[in-house]
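In this text the structure is predicted, and so the values were computed from the model without any measurement.
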Amino acid sequence: MDHIIETKDLSIYFDQKKILDKINIKIKENKITAIIGPSGCGKSTFIKSLNKMVHEEKNATIDGEILLHGKNINGMEKEIVREKIGMVFQNPMPFPLSIYDNMIYAPIYYGIKDKEKLGNIVKQKLIIAGLYDEVKNNMKMQATKLSGGQQQRLCIARALTVEPEILLLDEPCSALDVKNTANIEEMLKKLSHQYTIVIVTHNLAQAKRIAQYTAFILNGEIIEYDETKKLFENPQDERTKQYIEGIFG
């Protein structure tokens, strides 16, 4: 099995409004999969369903299955799901704590108490995120005082502290400049050797640059899902072609 997570006929409603309609997709392990589509098409709802965030919305109804290693996450505790599937949002959201306390928050929650072990996790993940050299002498600084790009890299590093298998990113670069975007893209490419990455992006060039697979969602449906190169160079559906050519969206 080369896929790590799969949805079967996944439909999501908010109140009575259908947001996703029978989504069937297999996400490949240790690859970057981009989710593209116009605003309001259901991209964010889709990735938030993968780690049970949508399940917590009071007005949400979820039909179908989300399988992690073949097991339905509906029957799993959300803490177990989120230990395996981390999430990073569009706007960086460091906790109003020091850089160090941001980094040890989740490992402590999941039971790691040894200070040396915690210190090693912090250093290792900040190095992976390309942030360690920038902050190693300021670990007690409030994380909210970091620049936007640094905050986003901190949030990615923080998500990695519990060793998830999958990292979900919802428009992680939309608030960042070109240089910070390039840094994060480079980091994600490196991370994909160890982690499965699913990224929602409105930036089609970004999808082309970093993703091996791309899914195009329109009006809550997957219109096309293929290797990125094939989808962009030879789309099979006219709607995909029109979207990537900028005719709508």
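Minimum heavy-atom separation, Ile217 to Pro38: O-CD, 3.7 Å. Ile73 and Ser49 get closest at one heavy-atom pair: CD1-O, 3.7 Å. Thr7 and Phe46 make their closest contact through CG2-CE1, 3.9 Å (heavy atoms, listed as atom of the first residue, atom of the second, distance).
Crowding of Asn219 atom CG: a count of heavy atoms from other residues, nucleotides or ligands under 6.0 Å not exceeding 12.
Counting heavy atoms from C-beta outward, Asp170 and Val88 have side chains that stay 4.5 Å or more apart. When side chains are defined from C-beta on, Asn74 does not count as touching Glu65, because their heavy atoms never get closer than 4.5 Å. With a 4.5 Å cut-off on side-chain heavy atoms, Asn30 and Gln194 do not count as touching. Inter-residue side-chain proximity for Ile25 and Ile27 is flagged as met; some heavy-atom pair is nearer than 4.5 Å. Contact annotation: the side chain of Ile156 approaches that of Leu169 to within less than 4.5 Å [non-hydrogen atoms, C-beta and beyond].
Put simply, the residue from Gln90, Lys43, His202 that forms a side chain to side chain donor-acceptor pair (under 3.5 Å) with Glu171 is His202. When Ile47, Leu50, Thr196 are each tested for a side chain to side chain contact (heavy atoms under 4.5 Å, CB included) with Ile166, only one passes: Thr196.
No single ILVMFWY cluster, assembled from side-chain heavy atoms under 4.5 Å apart, contains both Ile199 and Leu231. Under the 4.5 Å side-chain heavy-atom criterion for Ile, Leu, Val, Met, Phe, Trp and Tyr, Leu168 and Tyr213 are members of the same hydrophobic cluster. A continuous path of hydrophobic side-chain contacts links Tyr132 to Tyr100 [ILVMFWY only; heavy atoms under 4.5 Å].
For the 3.5 Å distance criterion, the side chains of Glu185 and Gln206 qualify, holding a donor opposite an acceptor.
In this structure, Phe216 has its ring center no closer than 6.0 Å to that of Tyr225.
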Just distance, no hydrogens or angles: give the donor-acceptor pairs under 3.5 Å from side chains in residues 76-86, sequence neighbours left out.
from  : atom 1 : to    : atom 2 : distance (Å)
Lys78 : NZ     : Glu56 : OE2    : 3.2
Arg82 : NE     : Asn51 : O      : 3.0
Arg82 : NH1    : Glu56 : OE2    : 3.2
Arg82 : NH2    : Lys52 : O      : 3.0
Arg82 : NH2    : Glu56 : OE2    : 2.9

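Residues passing the side chain to side chain donor-acceptor pair (under 3.5 Å) test with Glu224, sequence neighbours excluded: Thr240.
Taking 4.0 Å as the cut-off between side-chain N and carboxylate O, Glu163 and Lys125 count as a salt-bridged pair. Between Arg239 and Asp237 there is a salt bridge, since at least one side-chain N of the basic residue sits less than 4.0 Å from a carboxylate O of the acidic one. Between Glu186 and Lys190 there is no salt bridge, since none of the side-chain N atoms of the basic residue sits less than 4.0 Å from a carboxylate O of the acidic one. Salt bridge Asp2/Lys28: present, at least one basic N to carboxylate O contact under 4.0 Å.
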